[in-house]
Asks: 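What follows is a structure written as structure tokens; I'll ask about it next.
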Amino acid sequence: MKIATWNVNSLKVRLGHVLDWLAQSGVDVVCLQELKLTDDKFPTAELAAAGFASVFTGQKTYNGVAILVRDTLPIDNATVSKNIPGFEDPQQRVIAATVAGRRIVSAYFPNGQAPGTEKFAYKLQWLAALQVWITAELERYPELALLGDFNIAPEDRDVHDPKAWEGQNLVSPEERAAFAGLIALGFTDTFRLFEQPERAFSWWDYRMLGFRRNAGMRIDHILTSPALTPAVLSCHIDKVPRGWEQPSDHAPVTVELK
DNA sequence: ATGGCTTGCACCGCAAGA
């Protein structure tokens with residue numbers, strides 16, 4: 001089973017890329033973020049025609065997350081949950097579902113803007129709520145994968161220019177402490193289980209030729225729980241769609257599971 | 001040099017992303 005995460009930066013604009021990538025990547029489960037559309041605009045029929053069932057929660061203009069599941073795999077609609085229970089939030093950032101007995105969580109972590117701002121405070125509150133909820137979710141579903149746009153670069157090697165970024169949004173000590181909190185629950189950053197290229201990133205700024213210069217950050221992650229990690233066979237970032245015409249600024253990240 | 005692209009929304013400029 002191959003699982004993936006991809007911030008598509010508007011599913012309306014990127015539907016063609018998503019369909020192409022579904023066809024050529026061989027993925028079975030895809031977590032999407034930044035749909036930027038309301039549920040009535042979700043392209044359920046187009047994805048079904050491509051062989052994928054969808055669960056999603058969207059809103060106008062911003063945010064929105066989905067899980068696409070190859071229709072040969074069982075997905076029980078009764079297991080779908082949206083948002084973080086107990087954390088009141090109009091922003092649609094989390095959806096979870098159980099696929100073939102494995103809990104799949106698609107999350108779009110807040111950007112945070114900059115340390116000291118209201119948006120950064122919201123990010124830290126959201127991270128604290130996620131930590132509490134995912135702890136309970138782990139108890140209930142030992143085989144769990146947390147996939148998404150974390151908007152956190154865990155280490156300096158995940159940043160193209162760590163000196164220039166020191167202390168800034170995406171790399172601040174508070175954000176990295178929250179990431180470490182997830183690791184302390186037993187989660188594994190699957191990307192680092194394997195040998196990887198130097199300067200491997202999942203997001204590149206549209207501006208200043210970010211992709212061409214490989215001036216990026218690794219902020220999209222797939223974390224697996226202790227019971228699931230032994231099933232992880234590989235993890236890689238697929239840079240190919242980032243080079244397509246009118247791309248998302250994020251690349252998909254994939255994990256192959258036994 | 002706080003810009004630089006891209007998106008959505010609503011108008012012809014703005015907020016937001018990371």
Side-chain angles (χ1 to χ4, degrees), chain A residues 5-18 21 31-43 56-66 89-94 106-127 130 147-179 191 199-221 237 239 241-253:
Chain A
T5 181
W6 194 6
N7 178 324
V8 291
N9 185 18
S10 169
L11 184 55
K12 183 185 168 195
V13 173
R14 227 67 64 196
L15 180 59
H17 284 196
V18 170
W21 192 74
C31 296
L32 300 178
Q33 300 88 36
E34 281 210 270
L35 307 178
K36 295 190 173 180
L37 41 75
T38 48
D39 288 353
D40 58 302
K41 302 268 175 41
F42 192 92
F56 49 87
T57 182
Q59 67 183 89
K60 198 171 172 177
T61 312
Y62 302 118
N63 308 310
V65 287
D89 190 357
Q91 302 188 33
Q92 302 302 301
R93 296 184 173 278
V94 177
S106 176
Y108 176 43
F109 289 43
N111 173 283
Q113 194 173 53
T117 63
E118 274 184 32
K119 285 176 185 165
F120 192 82
Y122 162 73
K123 183 177 195 172
L124 295 183
Q125 287 163 11
W126 188 94
L127 288 165
L130 178 76
L147 308 88
D149 175 358
F150 283 55
N151 273 312
I152 301 172
E155 300 176 64
D156 279 355
R157 62 178 164 161
D158 302 314
V159 181
H160 67 95
D161 187 347
K163 272 223 167 92
W165 278 84
E166 192 174 358
Q168 296 202 54
N169 197 42
L170 313 183
V171 307
S172 72
E174 296 98 319
E175 293 161 88
R176 285 180 168 174
F179 189 89
F191 191 75
R199 298 173 56 79
F201 308 123
S202 67
W203 169 85
W204 301 261
D205 202 309
Y206 285 125
R207 298 166 294 186
M208 294 186 65
L209 305 172
F211 186 59
R212 197 189 299 182
R213 293 166 46 230
N214 196 31
M217 314 271 277
R218 192 175 70 92
I219 56 176
D220 300 270
H221 308 298
I237 297 169
K239 289 173 75 171
R242 185 62 177 79
W244 291 344
E245 196 175 334
Q246 201 181 6
S248 168
D249 44 356
H250 295 253
V253 183

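Here is how names work: the chains are called A, B, and so on, in the same order as the sequence lines, proteins then strands, and each is numbered from 1.
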Asks: Counting only heavy atoms not in Glu166(A) (residues, nucleotides, ligands), do more than 12 fall under 6.0 Å from its CD?
Replies: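 Check fails, neighbour count at 12 or below.
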Asks: Categorize Tyr108(A) for me: base, sugar-phosphate, or nothing, with a 4.0 angstrom heavy-atom threshold over every strand shown.
Replies: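 Touches sugar-phosphate only.
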Asks: Rounded to the Å, how far apart are Arg212(A) CZ and dG4(B) C1'?
Replies: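 About 14 Å, once rounded to whole Å.
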Asks: Base, sugar-phosphate, or nothing: which does Asn151(A) touch, judged by heavy atoms less than 4.0 Å apart?
Replies: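 If one applies the 4.0 Å heavy-atom cut-off, Asn151(A) turns out to touch the sugar-phosphate alone, with no base involved.
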Asks: Is there a side-chain contact between Lys12(A) and the phosphate of dC9(B), meaning an N or O under 4.0 Å from OP1 or OP2?
Replies: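 Answer no for this pair, as no side-chain N or O of Lys12(A) is under 4.0 Å from OP1 or OP2.
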Asks: Check whether any side-chain N or O of Arg207(A) sits under 4.0 Å from OP1 or OP2 of dT2(B), and answer yes or no.
Replies: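 For dT2(B), OP1/OP2 do not have a side-chain N/O of Arg207(A) under 4.0 Å.
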Asks: Nearest of dA16(B), dG8(B), dC5(B) to any side-chain atom of Val13(A)?
Replies: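 The answer is dG8(B).
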Asks: Base, sugar-phosphate, or nothing for Asn7(A), non-hydrogen atoms under 4.0 angstrom?
Replies: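 Sugar-phosphate contact only - Asn7(A) comes under 4.0 Å of backbone atoms but never of a base.
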Asks: Looking at every strand, decide which applies to Gln246(A) at a 4.0 Å heavy-atom threshold: base, sugar-phosphate, or nothing.
Replies: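 Sugar-phosphate contact only.
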Asks: Hey, is the side chain of Gln113(A) poking within less than 4.0 Å of OP1 or OP2 on dA15(B), counting only N and O atoms?
Replies: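 Checking Gln113(A) against dA15(B): no side-chain N or O falls below 4.0 Å of OP1 or OP2.
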Asks: Which listed nucleotide (dC9(B), dC5(B), dA16(B)) is nearest to the side chain of Tyr62(A)?
Replies: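 Of all the options, the side chain of Tyr62(A) is nearest to dA16(B).
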Asks: Quick one: label Ile219(A) by what it contacts on the DNA or RNA (base, sugar-phosphate, nothing), any heavy atom closer than 4.0 Å.
Replies: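 Sugar-phosphate, no base atom in range.
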Asks: When you measure from the side chain of Met208(A), which nucleotide among dG8(B), dG17(B), dG4(B) comes out closest?
Replies: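 When the side chain of Met208(A) is considered, dG4(B) is the closest of dG8(B), dG17(B), dG4(B).
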Asks: Please pick, from dT7(B), dG8(B), dG17(B), the nucleotide with the shortest atom-to-atom distance to any side-chain atom of Asn9(A).
Replies: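 Nearest listed nucleotide: dT7(B).
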Asks: Return the nearest nucleotide to the side chain of Lys36(A); candidates are dG17(B), dG4(B), dG8(B).
Replies: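 Shortest atom-to-atom distance from the side chain points to dG8(B).
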